[in-house]
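For reference, the structure is listed below as structure tokens.
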Amino acid sequence: MLKQIIRKFLIALRIDLTKNLHYDRLTLKILDKLLQRDTNCIDIGCHKGEILEEILKRSPEGRHFAFEPIPTLYNALKMLFDGRNVTFSDVALSDRKGVATFNYVLDAPAYSGLKKRDYAVKEPEIEVLDVKLDTLDHVIPGDYRVDFIKLDVEGGEFDVLKGARQTMEKHKPFIIFEFGLGASDHYDVVPEKFFEFMDQAGYGIFLLQDFLRKGSRLSLAQFLKIYLSNSEYYFIAAALERKR
């Protein structure tokens, strides 16, 4: 609790002690820009619900979905947000249906994912879980309008988006996502392939600060340079035909 209070205090004062604090502050500004009272949002990799809480503050009349496959976090989220307009699922989203092993990093839960990745701790304690897999296109109701997606699954973002292609093309939601060395490369995806997929889906990729300033989307060369230098790993995608 104290850690969350300090985090909110630093964000409010615009003190970016870490890259993640910088991204958190920009994310909140983007939520302010895009979300209305009835915006429908999907939180994929909900973790402890920090972003979901901010979504609910801005869109209390929206219909929201949240995905978190770690049992302890999933159960805690259901208790924490009980009675609020959120449907929770313990499914791990991907590009296929089935069952898979999931690496729950006990001493660094935020790094947990379907595949092992680079970790901030030298010898992480990992518990291997069996989790259900499904695609976003399959699990959300056919009459549900998707306006905004937050996607943070520690490297598996490309697989999630492949399983959400119909949703993207039908609803054209804004998508905040991670993509960077140390995580995405463990899922056998290269930036050129990711960029091509988003382009074919009709999406442009922006740095958060550029999106807020209504700046230009990234070119493939720019996206590749950022990826290889690992200078940024958090982006927002917007359908090119949708007004910002």
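Only a predicted model underlies this, so the values are computations on that prediction, with no experimental measurement involved.
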Roughly how far apart are [X] [atom1] and [Y] [atom2], rounded to 0.5 Å?
X	Y	atom1	atom2	value
I236	I175	CD1	CD1	9.0 Å
D210	L26	CG	CG	10.5 Å
L114	T101	CG	OG1	7.5 Å
I30	I176	CD1	CD1	4.0 Å
E178	D152	CD	CG	4.0 Å
E154	S112	CD	OG	8.0 Å

Nearest heavy-atom neighbours spanning [X] and [Y]:
X	Y	answer
D199	R217	OD1-NH1, 4.1 Å
M198	L161	SD-CD1, 3.8 Å
E157	S184	OE1-OG, 4.3 Å
K115	Y187	N-OH, 3.0 Å
K150	G45	NZ-O, 2.7 Å
L220	E192	CD1-CA, 4.0 Å

Check: [X] ring centroid to [Y] ring centroid under 6.0 Å:
X	Y	result
F174	F148	no
F197	F158	yes
F177	F194	yes
Y227	F179	yes

Is there side-chain contact between [X] and [Y], with heavy atoms separated by less than 4.5 Å?
X	Y	result
V128	F102	no
S59	Q36	no
D147	P173	no
L208	T27	yes
I140	V146	yes
K172	Y203	yes

Check this for me: E61, atom CD, are more than 12 non-hydrogen atoms of other residues, nucleotides or ligands nearer than 6.0 Å?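 Count over threshold, so yes.
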Taking atom CD of Q222 as the centre, report whether more than 12 heavy atoms of other residues, nucleotides or ligands fall under 6.0 Å from it. yes
As a quick check of understanding, evaluate salt bridge (charged side-chain N to carboxylate O under 4.0 Å, His left out) for E54 and K57, giving each step before the final call. CA-CA 5 Å; E54 298 295 338; K57 287 179 183 178; 3.6 Å; yes
T135/V160 under side-chain contact (heavy atoms from CB on, under 4.5 Å): CA gap, chis, key distance, verdict: CA-CA 7 Å; T135 69; V160 175; over 6 Å; no
Residue pair Y23, E232: steps toward the side-chain hydrogen bond (donor to acceptor under 3.5 Å, both in side chains) verdict: CA-CA 10 Å; Y23 288 146; E232 302 278 358; 2.5 Å; yes
Checking the side chain of [X] only, and the main-chain atoms of [Y] only, is there a donor and an acceptor separated by less than 3.5 Å?
X	Y	answer
D95	K162	no
E196	K193	no
D185	G182	yes

If the test is side chain to side chain contact (heavy atoms under 4.5 Å, CB included), which one of I55, L136, T167 qualifies with I42? L136
Are [X] and [Y] connected in the hydrophobic side-chain network, where two residues link if heavy atoms are under 4.5 Å apart?
X	Y	result
V86	L73	no
L77	L151	no
V190	F195	no
L56	L35	no
L80	I44	no

With a 4.0 Å cut-off on N to O distance, would you call E53 and R84 a salt bridge? yes
Candidate pair K132 and D134, rule salt bridge (charged side-chain N to carboxylate O under 4.0 Å, His left out), full reasoning: CA-CA 7 Å; K132 294 171 289 185; D134 212 329; over 6 Å; no
Can you check side-chain contact (heavy atoms from CB on, under 4.5 Å) on I149 and D43, steps first, answer last? CA-CA 6 Å; I149 297 174; D43 189 341; over 6 Å; no
Salt bridge (Lys or Arg N to Asp or Glu O under 4.0 Å) contacts in which one or both residues fall within residues 63-82, not counting sequence neighbours: R63-D143
Going by atom types only, do H186 and D118 share a side-chain donor-acceptor pair under 3.5 Å?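 Side chains of H186 and D118: pair found under 3.5 Å.
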Between D32 and K29, does a salt bridge (charged side-chain N to carboxylate O under 4.0 Å, His left out) hold up when you go through it step by step? CA-CA 5 Å; D32 288 337; K29 293 183 70 174; over 6 Å; no
Once ring pair (Phe, Tyr, Trp, His ring centres under 6.0 Å) is applied, what residue pairs with a partner in residues 32-75 remain, sequence neighbours excluded? F65-Y144
Apply salt bridge (charged side-chain N to carboxylate O under 4.0 Å, His left out) to R165 and D137, showing your working. CA-CA 7 Å; R165 180 67 179 264; D137 287 340; over 6 Å; no
Once you measure the plane-to-plane angle for F206 and F211, does it fall in the parallel (<30°), tilted (30-60°) or perpendicular (>60°) bin?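 Perpendicular: the ring planes of F206 and F211 meet at over 60°.
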Take L218 and F235, measure what side-chain contact (heavy atoms from CB on, under 4.5 Å) needs, and give me the verdict at the end. CA-CA 10 Å; L218 296 171; F235 306 89; 3.9 Å; yes
